[in-house]
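The structure appears right after this line, and notes come after that.
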Protein chains: 2
Amino acid sequence: MREETELAPHDDRIEKLDPRFLTTLRDHVHRTLRSAILSGRFGVNERVNERQLAEQLGVSTTPIKEALRQLETEGLVETLPRRGVLIRFNSGWAEEMILARAALESMIAHLAAKRLTKPAAAELQTTINLMMEATKAGGADDLIALNEKFHDQIHIASQCQYLARMIERQQFYDASIRRVIHSDPAEREIALNEHSAIAAAIISGDTDTSERAMRDHVVRSGETYLKIVFKNKREV
Amino acid sequence: MREETELAPHDDRIEKLDPRFLTTLRDHVHRTLRSAILSGRFGVNERVNERQLAEQLGVSTTPIKEALRQLETEGLVETLPRRGVLIRFNSGWAEEMILARAALESMIAHLAAKRLTKPAAAELQTTINLMMEATKAGGADDLIALNEKFHDQIHIASQCQYLARMIERQQFYDASIRRVIHSDPAEREIALNEHSAIAAAIISGDTDTSERAMRDHVVRSGETYLKIVFKNKREV
DNA sequence: AACTGAAATCTGGTATATCAGATCTCACAG
DNA sequence: CTGTGAGATCTGATATACCAGATTTCAGTT
């Protein structure tokens, strides 16, 4: 018996609270602004005012400033010292975010193919099987969840935490748009085929094919999102 | 004649000041901390204290906080709300930064091969020619400068600003280490060959070869840096 | 000796005041 | 009409005070 579990007041029935559930104002501001920018609620090159934002969101400027620093590092805004903060997002930016994600995901797929363990392979296959069923009969939300699980499993298999985190930041669309896409029968069919091909390549350890299949999948599906999000307004 | 240049008090002899030259305390703190982290002056998982940092750097906590938010978004520190700030950097992180850079640079090389203009091709070739000379007779600093120019030209040719910015953030070594590497005759020879191959592929429009050559170059040279920066202390 | 919990303390989070560069306004000189 | 520049004003940058979780300390209890 392990001493620690004996001595410590440990109780498996109650999970430890994840500190991440405790959010901060800064985080809330960050999410809100990020979402607003990505959904085009700011114009390209529009200036935003820290004090004004603070007032609108009912907070002081401190969390606003911190959130803006994060957005700046993400490349969504640009701060001109002592002059102003500009929104930096348009369809071109979104396109490059897709390319970034494609590049990173394909690198991760490559490594996953190289590092995949037996049990992880089985789990990945299980996800694909569930996807097949959900594609036929499931709702959009089921597919979205499976989609996330699929990519997460690959991230975990690759053993790359830094890369996985980077990829998360390249998402420029929200749940509502995903729901639209995952409701389209044609898109569902294509996505399933692509996912199956990716999984097969990774499970078979074919790094090269994994890489390409993943890249092509991310680029193609990304372009589908682009068309919907930016419709007819492709800015300069 | 263009009206604007006639009416405006324009004087080509004097360049407009780039606002970016005006730096802020926050920026200075960011650079300082980033450099300190990347050069291993903090231990893995070491906790840093905002007030303490402020005192050490002789500033208030505000610019410290903002710089930490940037570093957090870059993945170099992690903030546990109301508990502390942890350094998140070790050799594994550095390895993944190399992989990220390789993935992004190879994507950019792919696009550069597709989008390269005639004049840009000539300029790229010029850089390669200068590199050949510098490899034989030049100093390390010349090679470093040419190296940067080479990659910059490819970034510009790719027309990807967002990706180019992302790549900049994946650098984990400083000038002094680059100087060591670019002084080694063997390394110089290898790098020249790789650069030449990349340039040739891009100029010939061979997207596939460009991509691979770039990726392999970044990974290989990155590993050289890894060996030097982390020597014998490869942490968990 | 082991446990409990209140209080001290540490740390980041937030609000606010103030500073200073950048920009704008507008009277006034040429 | 045009150009100038002092002053008002806007905006981000910085400093500072205070708030509130999280952690530690330690006396008191069993």
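We name chains A, B, ... by the order of the sequence lines, and we start the count at 1 in each one.
Remark: D152(A) pairs with no residue by the salt bridge (charged side-chain N to carboxylate O under 4.0 Å, His left out) rule, at least two apart or across chains. Under the salt bridge (charged side-chain N to carboxylate O under 4.0 Å, His left out) criterion, D174(A) pairs with no residue at all, not counting sequence neighbours. Here R88(A) pairs with E78(A) under the salt bridge (charged side-chain N to carboxylate O under 4.0 Å, His left out) rule; sequence neighbours left out. Residues that satisfy the ring-ring contact (aromatic ring centres under 6.0 Å, His included) test with F42(B), not counting sequence neighbours, are absent from this structure. Residues forming a side-chain hydrogen bond (donor to acceptor under 3.5 Å, both in side chains) with H217(A) (at least two apart in sequence, or on another chain): E194(A), H195(A). Under the side-chain contact (heavy atoms from CB on, under 4.5 Å) criterion, E211(A) pairs with S106(A), H110(A), R215(B), sequence neighbours left out. Partners of R47(A) under the side-chain contact (heavy atoms from CB on, under 4.5 Å) rule, at least two apart in sequence or in another chain, are L86(A). Qualifying side-chain hydrogen bond (donor to acceptor under 3.5 Å, both in side chains) partners for R179(B), counting only residues two or more places apart in sequence or in other chains: D141(B). With sequence neighbours left out, E46(B) forms a salt bridge (charged side-chain N to carboxylate O under 4.0 Å, His left out) with no residue at all.
Rounded to an integer number of Å, the gap from CD of E78(A) to C1' of dT11(D) is 16 Å.
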Using a cutoff of under 3.5 Å, can you pull out all pairs of nitrogen or oxygen atoms linking the protein to nucleotides 5-7 of chain D, with atom names and distances?
none

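An end-to-end axis angle of 10° holds for the helix from dA1(C)-dT30(D) to dG30(C)-dC1(D), taken from five base pairs per end and rounded to 10°.
Between F172(A) and Y225(A), the ring planes lie perpendicular to each other; the angle is over 60°, past the 30° to 60° tilted range.
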Open item on the list: Base contacts versus sugar-phosphate-only contacts with protein, heavy atoms under 4.0 Å: please encode nucleotides 6-15 of chain C as B, S and - from 5' to 3'.
Closed with: -----BBBBB
